[in-house]
Amino acid sequence: MTRGQGAARRHSRAITMALVAVVIGALAVAGWSIRQYVASPAPAHGGLTDMNGAIVVPDDPPDVQAAHVRSTGERFVAPDQGLDVPLDSMDVTGE
C-alpha cells in the first residue's frame with residue numbers, strides 16, 4: 001500500500017463516519033419530535049387552545065340579527081363546483 005492509498009482510505013473512512021453521525025443525529029431528532037407529538041396530552045377542558053397550548057376563551061358572538069347586510073351587486077362564480085352565488089357584505093359590530 002502506498003502512502004497516497006492509505007491517506008485516501010482514511011479520508012473515505014472519515015467521510016463515512018461523518019455521514020453515519022449525521023444520519024444518527026437526524027434519526028434522534030425525528031424520534032424525539034414524534035415522541036413529543038404522540039406523548040403530548042390532549043386538552044382536558046374540551047375547549048380551544050392556541051399554538052402554545054394556552055386555553056383560548058372566545059369573545060361573545062356578535063348579534064347577527066342586528067347585522068347590516070347589503071348587496072354588493074357582484075357574484076362569486078366557481079364553475080367547476082357549479083357555484084354561482086351573490087356576494088353580500090355584512091357589518092357586524094356587536095353593538
Side-chain angles (χ1 to χ4, degrees):
M1 178 183 300
T2 65
R3 183 175 177 191
Q5 289 174 335
R9 183 172 290 163
R10 283 191 303 274
H11 182 69
S12 175
R13 189 173 297 146
I15 290 175
T16 302
M17 293 304 289
L19 288 174
V20 167
V22 168
V23 168
I24 289 172
L27 288 174
V29 169
W32 183 81
S33 299
I34 290 171
R35 181 184 140 310
Q36 293 292 68
Y37 177 74
V38 172
S40 63
H45 58 83
L48 303 171
T49 58
D50 64 9
M51 293 178 72
N52 292 325
I55 297 173
V56 175
V57 179
D59 294 335
D60 291 332
D63 184 10
V64 178
Q65 298 299 324
H68 303 287
V69 179
R70 63 181 175 82
S71 176
T72 62
E74 303 285 328
R75 296 191 70 80
F76 177 77
V77 180
D80 290 344
Q81 289 75 23
L83 186 65
D84 183 4
V85 296
L87 286 177
D88 292 337
S89 173
M90 181 166 47
D91 180 25
V92 180
T93 60
E95 295 177 359

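Just so it is clear, the values below take in all heavy atoms, side chains as well, and ignore hydrogens, waters and symmetry mates. In this chain, numbering begins with 1 at the start of the sequence shown.
- Within the 3.5 Å criterion, the main-chain N or O of Asp84 finds a donor-acceptor partner in the side chain of Arg75.
- Under the 4.5 Å side-chain heavy-atom criterion for grouping Ile, Leu, Val, Met, Phe, Trp and Tyr, Leu87 is connected to Leu83 within one hydrophobic cluster.
- Ser71 and Asp88 get closest at one heavy-atom pair: CA-OD1, 3.4 Å.
- Here the rule is side-chain contact (heavy atoms from CB on, under 4.5 Å) with Leu27, and of Val29, Val23, Ile24 only Val23 fits it.
- The line from CD1 of Ile15 to CZ of Arg10 is 13.5 Å long, rounded to the nearest 0.5 Å.
- Using modelled atom types, one side-chain atom of Asp50 and one backbone atom of Asn52 make a donor-acceptor pair closer than 3.5 Å.
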